[in-house]
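Letters A, B, ... are given to chains in the order of the sequence lines, protein chains preceding strands, and every chain is numbered from 1.
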Number of protein chains: 2
Amino acid sequence: MTPRSERIPADERREQILAAATTVFGELGYAGATTDRVARAAGISQPYVVRLFGTKEQLFIETLRRTLARLLAAFRAALAEADAGADAGGDGDGEAREARLGEAYLELVEDRGTLLTLLHGFMMGSDPVIGPVARDGFLQVFRMLRDEAGFTPDQIHRFLADGMLINTLLASGVGLAAKRDRDAAELMDCTFGAHVAEVLERASA
Amino acid sequence: MTPRSERIPADERREQILAAATTVFGELGYAGATTDRVARAAGISQPYVVRLFGTKEQLFIETLRRTLARLLAAFRAALAEADAGADAGGDGDGEAREARLGEAYLELVEDRGTLLTLLHGFMMGSDPVIGPVARDGFLQVFRMLRDEAGFTPDQIHRFLADGMLINTLLASGVGLAAKRDRDAAELMDCTFGAHVAEVLERASA
DNA sequence: GATTGAAGTAATCGAATGATTACAACCACG
DNA sequence: CGTGGTTGTAATCATTCGATTACTTCAATC
């Protein structure tokens with residue numbers, strides 16, 4: 001159907017490359033990923049990736065920025081949903097928002113690439129170029145939780161801490177190991193409580 | 001005084017190299033680190049590193065194993081202290097253990113290398129060789145919290161989640177940025193509450 | 001004092017990788 | 001047509017890096 005090797009406007013091609021780069025950077029990290037792997041994942045040649053983004057570093061920065069922007073957008077959409085539901089159902093307070101945001105996060109990190117690209121960014125805090133981008137993204141999330149979601153400091157703390165634990169469990173593969181390993185399953189139980197079945201199902205996909 | 005380029009037994013040299021590798025792998029990640037950087041950090045030549053460990057991958061695995069072992073040892077020491085204190089003071093329950101373990105963790109991750117080597121290991125869950133080592137280490141921590149510390153599932157959940165958030169805040173540099181950035185400082189406040197001053201002081205060193 | 005084995009390095013090799021260059025194919029517009 | 005800009009690639013270059021080889025130095029032991 002779709003004839004491969006079609007000529008595509010550069011804007012669209014950039015988006016394809018960024019999507020592919022999210023997967024590749026997520027799996028291999030910034031240093032471990034190669035522009036050639038990204039190129040092949042996007043179905044084009046390696047020099048073209050370099051020409052469109054100038055530098056591997058620049059490609060990573062744009063990939064990270066895009067991932068952070070999608071994270072924020074998903075959170076804002078979840079907040080809008082929660083507020084719409086509150087108008088109708090009358091529940092009112094931050095409880096619904098917290099639940100919706102949590103669900104939105106779980107949906108996002110179903111994509112291993114998204115999850116891991118964010119984490120790799122956060123781990124490069126000492127890089128003079130990438131570090132500030134990652135920090136800024138983290139702080140944007142914080143401000144959104146504080147100003148738009150109206151979370152209390154304790155809510156913010158718990159939300160972020162749970163998110164980071166989810167990240168680590170999924171990234172390290174403990175989530176997948178829970179199928180075979182009793183202790184891993186119990187650990188997932190501690191973390192996710194009643195939601196564990198849902199999480200495990202998502203993590204498998 | 002200490003004449004550089006002394007001949008040293010291999011066992012001792014291995015330990016020196018592992019200590020240096022913890023710093024280098026932590027800062028640059030597995031893929032980003034080079035055997036040459038490790039060698040120079042340990043004050044020896046690059047081929048010798050390769051000869052003592054066979055492979056960069058093997059070096060990383062041993063570095064990760066050592067870091068995980070030190071983490072567990074520090075936790076066990078903290079538990080012993082807490083129990084000794086409980087015998088004397090009569091406080092009794094898990095409260096003291098939780099506090100001691102938290103303190104032990106903060107002391108450990110003062111060393112950026114330790115912190116980041118662990119994180120890099122956890123993020124390589126999909127690597128067929130390194131992934132299992134990292135997962136096994138994580139599960140060892142879980143079992144220790146459950147069986148030796150006697151934590152409830154909820155205590156385990158909170159302890160691990162807080163640990164992962166601390167990791168991320170320190171790795172991304174938000175902790176350091178708190179000196180200049182108002183929002184970063186507020187975020188650190190949400191996370192650490194009363195302990196924030198202590199953490200910031202440690203993070204600077 | 002010759003020998004043996006351990007500690008350690010200089011030199012170098014082959015593969016991988018980011019980047020550059022030069023060129024090809026295609027489309028729109030005059 | 002033809003010409004100029006856009007999309008894209010093949011070939012290749014310089015560097016880096018993990019690993020290997022061959023060598024040196026030193027201490028102990030017989």
Side-chain angles (χ1 to χ4, degrees), chain A residues 2-64 117 120 124 127-130, chain B residues 2-64 117 120 124 127-130:
Chain A
T2 40
R4 64 198 169 92
S5 188
E6 203 179 350
R7 277 168 77 102
I8 286 176
D11 294 350
E12 217 171 307
R13 198 58 105 176
R14 283 176 65 93
E15 173 58 25
Q16 285 181 3
I17 295 174
L18 287 174
T22 303
T23 301
V24 175
F25 279 129
E27 208 57 42
L28 303 170
Y30 171 65
T34 71
T35 55
D36 189 62
R37 299 273 301 230
V38 173
R40 276 207 293 268
I44 57 173
S45 70
Q46 178 262 346
Y48 197 32
V49 171
V50 174
R51 205 169 68 181
L52 283 185
F53 291 89
T55 281
K56 178 184 169 185
E57 185 181 64
Q58 201 56 41
L59 171 62
F60 182 73
I61 289 177
E62 294 200 33
T63 304
L64 182 58
T117 296
H120 280 295
M124 299 184 67
D127 183 285
V129 181
I130 298 171
Chain B
T2 40
R4 66 197 167 94
S5 188
E6 202 179 350
R7 278 166 77 102
I8 286 177
D11 293 351
E12 217 171 307
R13 199 56 106 177
R14 283 176 65 94
E15 173 58 26
Q16 286 181 2
I17 294 174
L18 287 174
T22 303
T23 301
V24 175
F25 279 129
E27 208 58 43
L28 304 170
Y30 171 64
T34 71
T35 54
D36 190 63
R37 298 271 302 229
V38 174
R40 277 209 291 269
I44 58 172
S45 71
Q46 179 262 346
Y48 197 33
V49 172
V50 174
R51 207 171 67 179
L52 283 185
F53 291 88
T55 283
K56 179 185 170 184
E57 185 181 67
Q58 201 55 41
L59 172 61
F60 182 72
I61 288 177
E62 294 200 34
T63 305
L64 182 58
T117 296
H120 280 295
M124 298 184 69
D127 183 284
V129 181
I130 298 169

Nearest whole angstrom, please: distance from the [atom2] of [N] to the [atom1] of [X].
| X | N | atom1 | atom2 | value |
| --- | --- | --- | --- | --- |
| Tyr48(B) | dA19(D) | OH | P | 17 Å |
| Tyr30(A) | dG18(C) | OH | P | 9 Å |
| Phe25(A) | dT17(C) | CZ | C1' | 13 Å |
| Asp36(B) | dA10(C) | CG | P | 11 Å |
| Gln46(B) | dT20(D) | CD | P | 11 Å |
| Ile17(A) | dG18(C) | CD1 | P | 14 Å |
| Lys56(A) | dT15(D) | NZ | P | 18 Å |
| Ile44(A) | dA10(D) | CD1 | P | 12 Å |

Grab the two heavy atoms, one from [X] and one from [Y], that are nearest each other, plus how far apart they are.
| X | Y | result |
| --- | --- | --- |
| Ile17(B) | Phe53(B) | CG2-CE1, 3.6 Å |
| Thr117(A) | Gly26(A) | OG1-N, 3.5 Å |
| Arg13(B) | Gln16(B) | NH1-OE1, 2.7 Å |

Q: Between Glu57(A) and Asp11(B), name the one whose nearest nucleotide on DNA chain C is closer to the 5' end.
A: Asp11(B)
Q. Nearest to the side chain of Arg13(B) - dT21(D), dG8(C), dG18(D)?
A. dG8(C)
Q. When rounded to the nearest 0.5 angstrom, what is the spacing between CG in Leu52(A) and CD1 in Ile44(A)?
A. 6.5 Å
Q | Distance (rounded to the nearest 0.5 Å) between Arg40(A) CZ and Thr34(A) OG1 | A | 7.0 Å
(Q) Would the base of dG8(D) count as contacting Arg51(A) through its side chain, where contact means a donor and an acceptor less than 3.5 Å apart? (A) yes
Q. Using a cut-off of 4.0 Å on non-hydrogen atoms, how would the nucleic acid contact of Thr34(A) be classed: base, sugar-phosphate, or nothing?
A. sugar-phosphate
Q: Under 4.0 Å between any heavy atoms, over every strand shown, what does Ala31(B) touch: base, sugar-phosphate, or nothing? Just pick one.
A: nothing
Q. For Ser45(A) and dG8(D), is the shortest distance between a side-chain N/O and OP1 or OP2 below 4.0 Å?
A. no
Could you go through residues 54-63 of chain A and list every donor-acceptor pair under 3.5 Å that involves a side-chain atom there, pairing it with any protein atom two or more places apart or in another chain?
{"unit_1": "Lys56(A)", "atom_1": "NZ", "unit_2": "Tyr30(A)", "atom_2": "O", "d": "3.0"}
{"unit_1": "Lys56(A)", "atom_1": "NZ", "unit_2": "Ala31(A)", "atom_2": "O", "d": "3.4"}
{"unit_1": "Lys56(A)", "atom_1": "NZ", "unit_2": "Ala33(A)", "atom_2": "O", "d": "2.9"}
{"unit_1": "Glu62(A)", "atom_1": "OE1", "unit_2": "Arg14(A)", "atom_2": "NH2", "d": "2.6"}
{"unit_1": "Glu62(A)", "atom_1": "OE2", "unit_2": "Arg14(A)", "atom_2": "NH2", "d": "3.1"}
{"unit_1": "Thr63(A)", "atom_1": "OG1", "unit_2": "Leu59(A)", "atom_2": "O", "d": "2.7"}

Every protein N/O within reach of nucleotides 3-6 of chain C N/O, cut-off under 3.5 Å:
{"unit_1": "dA6(C)", "atom_1": "N3", "unit_2": "Arg7(B)", "atom_2": "NH2", "d": "3.3"}

(Q) Under the side chain to side chain donor-acceptor pair (under 3.5 Å) definition, can you give me all pairs with a residue in residues 18-27 of chain B, not counting sequence neighbours? (A) Ser126(A)-Glu27(B), Thr22(B)-Arg66(B)
